[in-house]
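Working notes, structure below.
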Amino acid sequence: MQLPLILCGLVASLAAHVSATALTYKLQPNERACFYAASTKPNEKIAFYFAVQSGGSFDVDYVVTGPHGKGIMEGEKERQGDFVFTAQEVGEYSFCFNNEMSTYSEKFVDFEIAVENEAKVNLPSKPGTSPEQTSALEESLFKISGQLSTITRNQKYFRTRENRNFSTVRSTESRIVNFSLVQIALVICMGALQVFVVRFFFQGARKGYV
């Protein structure tokens, strides 16, 4: 009974305080949309993830700006990104997406902004437990945490791939339907033209006999 309590205590002590925002935003053509996250302490870690799920060529421009307008990172025509940087200054950080390159194509952008405080408290230990055992358990928990982060990133990647493939399938289906309609129209036009030519030929032949 005591081991689960110790594990829960270790997980609670190792877990960092995280303030996260996960959204899906519909970016209109020629639109610039900005989102904000506040850092309350210096040297906090800010994680920024985004992926274009559908629309256009699945790309978007982005720029991350610090509290005093200082540029932190930017990119053009990027499909997705996963970044972590240290917020050296306290204040508001802006994360902007720009779709001004598209005149008619709207885009769905999945993104997440997480502000992490990595301060840790002292680990609880069971009476009679050596520091080596506690350290080994701590390392195991850190490995599990890293593996969970990897699984989360892989899930985001596969979700993005699935949405893009589904969008490609829908686009291909629409093109097939349009091409089929064009073929049907051409066949009808060719049939009508053949009927007109045959009638014109026989009408001309009758006039010749008369």
Side-chain angles (χ1 to χ4, degrees), residues 11-12 14-120 144-174:
V11 172
L14 288 173
H17 175 69
V18 178
S19 175
T21 302
L23 294 172
T24 298
Y25 184 76
K26 183 179 181 181
L27 197 63
Q28 299 292 341
N30 298 317
E31 180 185 3
R32 176 184 171 91
C34 294
F35 304 88
Y36 302 90
S39 174
T40 58
K41 298 178 181 179
N43 298 324
E44 284 186 325
K45 298 292 184 180
I46 298 182
F48 174 48
Y49 166 83
F50 75 92
V52 182
Q53 301 294 341
S54 64
S57 300
F58 304 99
D59 56 358
V60 70
D61 298 342
Y62 73 93
V63 58
V64 181
T65 308
H68 302 291
K70 179 182 178 181
I72 297 176
M73 63 180 68
E74 61 181 330
E76 295 182 355
K77 297 183 178 181
E78 297 287 345
R79 293 191 169 190
Q80 66 184 69
D82 192 358
F83 312 100
V84 178
F85 63 92
T86 301
Q88 298 179 353
E89 300 180 7
V90 175
E92 194 173 60
Y93 289 77
S94 64
F95 304 81
C96 297
F97 298 103
N98 191 347
N99 195 29
E100 294 179 354
M101 58 183 166
S102 298
T103 56
Y104 63 91
S105 178
E106 60 186 22
K107 299 176 181 178
F108 285 88
V109 182
D110 254 2
F111 69 94
E112 182 176 358
I113 303 170
V115 180
E116 304 176 357
N117 184 0
E118 296 184 341
K120 302 173 185 177
I144 293 174
S145 177
Q147 292 172 354
L148 288 176
S149 299
T150 302
I151 292 174
T152 302
R153 288 190 177 91
N154 289 336
Q155 287 179 336
K156 291 178 180 178
Y157 171 75
F158 286 121
R159 180 187 176 188
T160 302
R161 287 287 302 273
E162 179 184 5
N163 291 335
R164 290 176 180 171
N165 291 338
F166 184 69
S167 179
T168 302
V169 169
R170 286 190 300 178
S171 176
T172 304
E173 181 182 2
S174 177

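Since this is a predicted model, take the numbers as computed values, not measurements. This chain uses plain numbering: 1 for the first residue, then up along the sequence.
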Option among Tyr25, Phe50, Phe35 that satisfies the ring pair (Phe, Tyr, Trp, His ring centres under 6.0 Å) test with Phe111: Phe35
Distance, nearest 0.5 Å, that separates CD1 of Ile113 from OH of Tyr49: 13.5 Å
Determine all donor-acceptor pairs shorter than 3.5 Å in which one atom belongs to a side chain in residues 84-98; sequence neighbours excluded.
| residue | atom | partner | partner atom | Å |
| --- | --- | --- | --- | --- |
| Thr86 | OG1 | Lys45 | NZ | 2.9 |
| Tyr93 | OH | Glu89 | N | 3.4 |
| Tyr93 | OH | Glu89 | O | 2.8 |
| Asn98 | OD1 | Glu100 | N | 2.8 |

Who are the ring-ring contact (aromatic ring centres under 6.0 Å, His included) partners of Phe166, not counting sequence neighbours? none
For Lys107 versus Gly56, what's the shortest heavy-atom pair and its separation? CE-CA, 4.4 Å
Indicate yes or no for a side-chain donor-acceptor contact from Ser39 to the backbone of Lys41 under 3.5 Å, with no hydrogens or angles considered. yes
Before you tell me yes or no, could you show the steps for Phe58 and Gln80 under side chain to side chain contact (heavy atoms under 4.5 Å, CB included), namely the whole-Å CA-CA distance, both residues' side-chain angles and the distance that decides it to 0.1 Å? CA-CA 9 Å; Phe58 304 99; Gln80 66 184 69; over 6 Å; no
I'd like to know if the side chain of Asn99 reaches the main chain of Gln28, judged simply by a donor and an acceptor atom lying under 3.5 Å from each other, with no hydrogens or angles considered. yes
Take Asp61 and Arg32 through the salt bridge (Lys or Arg N to Asp or Glu O under 4.0 Å) test and state the conclusion after the steps. CA-CA 9 Å; Asp61 298 342; Arg32 176 184 171 91; over 6 Å; no
For Leu27 versus Ala33, what's the shortest heavy-atom pair and its separation? CD1-CB, 3.8 Å
For the atom pair OG (Ser102) and CG (Asp59), what is the distance rounded to the nearest 0.5 Å? 7.0 Å
List the atom of Val60, the atom of Met101, and the distance in Å for their closest heavy-atom pair. CA-CE, 3.5 Å
With Lys26, which residues qualify under salt bridge (charged side-chain N to carboxylate O under 4.0 Å, His left out), at least two apart? Glu106
